[in-house]
There are 2 protein chains.
Amino acid sequence: MDKTHQAFFTSHGIKSTIQRNLVLDLLQESESPVSAEDIYLKAALLQPTVNLSTIYRTLELFCSKNIAVKSTLSESKKAVYELNTHTHKHYMVCLKCKRMVPLTNCPCSLIEKAVSENSDFEILDHKLEIVGYCPECK
Amino acid sequence: MDKTHQAFFTSHGIKSTIQRNLVLDLLQESESPVSAEDIYLKAALLQPTVNLSTIYRTLELFCSKNIAVKSTLSESKKAVYELNTHTHKHYMVCLKCKRMVPLTNCPCSLIEKAVSENSDFEILDHKLEIVGYCPECK
DNA sequence: ATCAGTGCAAAAGCTTTGCAGCGGT
DNA sequence: ACCGCTGCAAAGCTTTTGCACTGAT
């Protein structure tokens, strides 16, 4: 059993298992959000008996412990997951290759400010998705 | 057959039918985006033989003709549809009652500008979703 | 030894599709 | 009369769940 994984998981109050270690590693490796199936396909190469439902359960667990974050793009019906960096983050999504490029900085506070001045809505969060073509696809 | 519907649909190059008229009316009536099932339930009251798949086909047709616009919220796995007002529009979504309140004005051009200055991404569109509690639910 | 975690299979929820018959022009 | 539109049923795709077994502490 990997001590690093073990320490990480126990610090979040959950058990370390081979599958969870795997999912954590795979989330760590991927530079942009991935679907449960993406994770599953990569995980199955290393651990052929792993099951898709375990991946879903693990991802859901990670989200509930704030280890990961789930989001859904308007373009697809699949949810995607990424490690929770605890930073404010948005992506540009390429319509062709589906690549997700993170925004380096985001002037969203302007929007929240403007909105809260104009309504009684209590704003907790916001999602911004920029859609277009990445440099390689345009 | 309703002449108004007929004229509208032929101007978009598609046939007018009872079901399409109904869907158009129901989209017109609703002040915020609705799911296919919402439309179906309302439609079934007036036209009991109507079928869910027809609603889906009609909504998809409307979207392909730019009569309607489809979007998916991160909170739900259902798609929602609304008439295409051809205006830039975003919503605040209440976490509790799921009410969608349109933003009166949106400083998004700031974002697109900032983003396009910082990357080679060709921006075609963006989606903004504000999440929180509406005045009644907070 | 205990109890949480997992694999497997089945089901659930939303959406799409094939096909035969109906309906609009 | 023609051909597109619809209803119905079945399937598809993503995600969830029940259950018995496995594995971590």
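Here is how names work: the chains are called A, B, and so on, in the same order as the sequence lines, proteins then strands, and each is numbered from 1.
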Checklist entry - With a 4.5 Å limit on heavy-atom distance, are the side chains of T72(A) and K77(B) in contact? => result no
Item to check | N21(B) and S16(B): CA distance, side-chain angles, deciding distance, side-chain contact (heavy atoms from CB on, under 4.5 Å) verdict | outcome: CA-CA 7 Å; N21(B) 298 348; S16(B) 166; 3.1 Å; yes
Checklist entry - Starting at OH of Y40(A) and ending at P of dT15(D), how long is that distance when rounded to a whole Å? => result 14 Å
Item to check | Heavy-atom donor-acceptor pair, S30(B) side chain to L26(B) backbone, under 3.5 Å | outcome: yes
Checklist entry - Rounding to a whole Å, what distance do you find between N51(B):CG and dG18(C):C1'? => result 14 Å
Checklist entry - In whole angstroms, how far is the C1' atom of dG23(D) from the CG atom of N21(A)? => result 13 Å
Item to check | Gap between atoms CD1 and P, on I55(A) and dT17(D) respectively (whole Å) | outcome: 17 Å
Next on the checklist: Nearest to the L52(B) side chain among dT15(C), dG7(C), dT6(C), which nucleotide is it?
Outcome noted: dT15(C)
Next on the checklist: Quick test of your reading of the model: are K42(A) and E29(A) salt-bridged, counting only N-O distances below 4.0 Å?
Outcome noted: no
Item to check | Short side-chain N/O contact from S16(A) to OP1 or OP2 of dA24(D), under 4.0 Å | outcome: no
Checklist entry - For S35(A), does its backbone N or O pair with a side-chain atom of D38(A) as donor and acceptor, under 3.5 Å? => result yes
Item to check | Per Q19(A) side chain, nearest of listed nucleotides dT6(C), dT16(C), dT15(D) | outcome: dT6(C)
Item to check | Rounded distance (Å) that lies between atom P of dT15(D) and atom NZ of K78(A) | outcome: 7 Å
Next on the checklist: How many whole angstroms separate atom NZ of K65(A) from atom P of dA4(C)?
Outcome noted: 13 Å
Checklist entry - Considering only dT16(C), dT15(D), dG5(C), which nucleotide approaches the side chain of K77(A) most closely? => result dT16(C)
Checklist entry - Which nucleotide sits closest to the side chain of S53(A): dT14(D), dT6(D), dA9(C)? => result dA9(C)
Item to check | Atom-pair distance (CD1 on I14(A); P on dT6(C)), nearest Å | outcome: 10 Å
Checklist outcome for this item: Between R57(B) and K15(B), the residue closer to the 5' end of DNA chain D by nearest nucleotide is K15(B)
Checklist entry - Which heavy atom of A7(B) sits nearest a heavy atom of T10(B), and at what distance? => result O-OG1, 3.2 Å
Next on the checklist: Using the side-chain heavy atoms of Y56(B), tell me which of these nucleotides is nearest: dG24(C), dT15(C), dG7(D).
Outcome noted: dT15(C)
Next on the checklist: Need the bend value for the helix from dA1(C)-dT25(D) to dT25(C)-dA1(D): angle between end axes, 5 pairs each end, nearest 10°.
Outcome noted: 30°
Next on the checklist: As a test of reading the structure: which of dA24(D), dT6(C), dT15(D) is closest to the side chain of A36(A), going by heavy atoms?
Outcome noted: dT15(D)
Checklist entry - Side-chain contact, heavy-atom cut-off 4.5 Å: I130(B) with V101(B)? => result no
Checklist entry - Between F62(A) and V23(A), what is the shortest heavy-atom contact and its length? => result CE2-CG1, 3.8 Å
Checklist entry - Taking OP1 and OP2 of dG24(C), is either one under 4.0 Å from a side-chain nitrogen or oxygen of Q6(B)? => result no
Next on the checklist: Can you measure F9(B) atom CZ to dG24(C) atom C1' for me and round it to whole angstrom units?
Outcome noted: 13 Å
Checklist outcome for this item: Note: for T72(A) and T10(A) on DNA chain D, the residue whose nearest nucleotide lies more 5' is T72(A)
